[in-house]
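Predicted model only: the values in this text are computed from it and were never measured. FYI, side chains are in, hydrogens and waters are out, and symmetry mates aren't considered; it's all heavy atoms of this structure.
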Amino acid sequence: QVRLVESGGGSVQAGGSLTLSCEAPGYTRSAYYMAFYCMGWFRQYPGKGREGVAVIYGRGGSIYLSDDVKGRFTITRGNAKNMLYLQMNSLKPEDTATFYCAASRDSCRSVSDIDYWGQGTQVTVSS
């Protein structure tokens, strides 16, 4: 069973920064890239469904970012094995949500494509 373990959420004032981390324990770096076609971060607002924020694809490393986070958020894979990061800068109150690490062997275009989810980490941005 694949586990995704997130960390790094918290509370910050508008304009501040947070870095979310996601680890896939048990995978070496090479195996991690081979195991998942894509990994990324989804967010969920209270009472709403999950939506993709940032995705990085397999070996090529191509990236998707939602329009509202372009220029503010950066998704990267760590040099340490099996790590995924989301650097969030210039945070706004509307970024307040629960963020989920996600992985899929086929596609990350929608929630229904995702094979594995982390437990979620709360990000709260105050004005």
Side-chain angles (χ1 to χ4, degrees):
Q1 179 69 22
V2 174
R3 290 176 60 229
L4 299 177
V5 181
E6 301 141 344
S7 59
S11 298
V12 65
Q13 289 191 325
S17 299
L18 285 172
T19 301
L20 305 183
S21 301
C22 177
E23 180 181 6
Y27 280 90
T28 63
R29 190 170 184 261
S30 59
Y32 153 85
Y33 293 154
M34 293 174 63
F36 304 127
Y37 173 69
C38 52
M39 291 190 72
W41 296 92
F42 284 63
R43 66 188 168 198
Q44 187 167 19
Y45 299 113
K48 303 290 186 181
R50 294 180 190 180
E51 58 185 22
V53 176
V55 176
I56 189 164
Y57 290 86
R59 303 177 190 183
S62 59
I63 289 171
Y64 160 83
L65 292 169
S66 63
D67 288 343
D68 65 315
V69 305
K70 287 179 181 176
R72 300 190 299 122
F73 290 12
T74 304
I75 183 171
T76 56
R77 295 184 293 221
N79 290 328
K81 59 183 180 180
N82 59 2
M83 294 297 296
L84 182 73
Y85 301 101
L86 184 67
Q87 175 67 43
M88 305 185 293
N89 298 326
S90 302
L91 282 161
K92 305 175 182 180
E94 51 264 42
D95 293 318
T96 296
T98 302
F99 283 73
Y100 294 87
C101 181
S104 173
R105 291 189 168 90
D106 299 308
S107 172
C108 290
R109 293 179 62 87
S110 67
V111 171
S112 61
D113 295 328
I114 301 302
D115 296 314
Y116 305 105
W117 294 100
Q119 78 279 9
T121 186
Q122 179 66 34
V123 171
T124 302
V125 185
S126 58
S127 57

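The side chain to side chain contact (heavy atoms under 4.5 Å, CB included) test with Cys101 is passed by exactly one of Gln119, Glu23, Met39: Met39.
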Could you go through Gln13 and Ser126, starting from their C-alpha distance and side-chain angles, then the distance that decides it, and tell me whether this counts as side-chain hydrogen bond (donor to acceptor under 3.5 Å, both in side chains)? CA-CA 5 Å; Gln13 289 191 325; Ser126 58; 4.8 Å; no
Given side-chain hydrogen bond (donor to acceptor under 3.5 Å, both in side chains), test Thr98 with Gln122 step by step and report yes or no. CA-CA 4 Å; Thr98 302; Gln122 179 66 34; 2.8 Å; yes
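With values rounded to the nearest 0.5 angstrom, Ser110 atom OG is found 12.5 Å from Glu51 atom CD. In this structure, CG in Asp113 is found 14.0 Å from CZ in Arg105, a value given to the nearest 0.5 Å. The CD1 atom of Ile56 sits 4.5 Å away from atom CD1 of Ile63, with the distance rounded to the nearest 0.5 Å. Taking OG1 of Thr19 as the reference point, atom CG of Leu86 lies at 8.0 Å (rounded to 0.5 Å).
Counting only heavy atoms from C-beta outward, the side chains of Leu18 and Leu91 approach each other to under 4.5 Å. Side-chain atoms of Thr124 and Val12, non-hydrogen and from C-beta on, never get closer than 4.5 Å to each other. By the 4.5 Å heavy-atom criterion applied to side chains, Trp41 and Phe73 are not counted as neighbours. Between Phe99 and Val53, some side-chain heavy-atom pair lies under the 4.5 Å cut-off. Side-chain contact between Tyr85 and Ser21: present, with at least one pair of heavy atoms (C-beta onward) separated by less than 4.5 Å. Contact annotation: the side chain of Lys70 never approaches that of Asp68 to less than 4.5 Å [non-hydrogen atoms, C-beta and beyond].
Apart from Trp117 itself, the hydrophobic cluster it occupies contains Phe42, Tyr100, Val111, Ile114, where clustering links Ile, Leu, Val, Met, Phe, Trp and Tyr at side-chain heavy-atom distances under 4.5 Å.
Transitive grouping of hydrophobic side chains (ILVMFWY, heavy atoms separated by less than 4.5 Å) keeps Met88 and Tyr45 in distinct clusters. By the criterion of side-chain heavy atoms lying less than 4.5 angstrom apart, applied directly or through intervening Ile, Leu, Val, Met, Phe, Trp or Tyr residues, Val5 is not grouped with Leu20; the two fall into different hydrophobic clusters.
The closest side-chain donor-acceptor pair between Thr121 and Glu6, if any, does not fall under 3.5 angstrom. There is a side-chain donor-acceptor pair under 3.5 Å between Ser17 and Asn89.
Between Lys92 and Asp95 no salt bridge is recorded (no basic side-chain N to carboxylate O distance below 4.0 Å).
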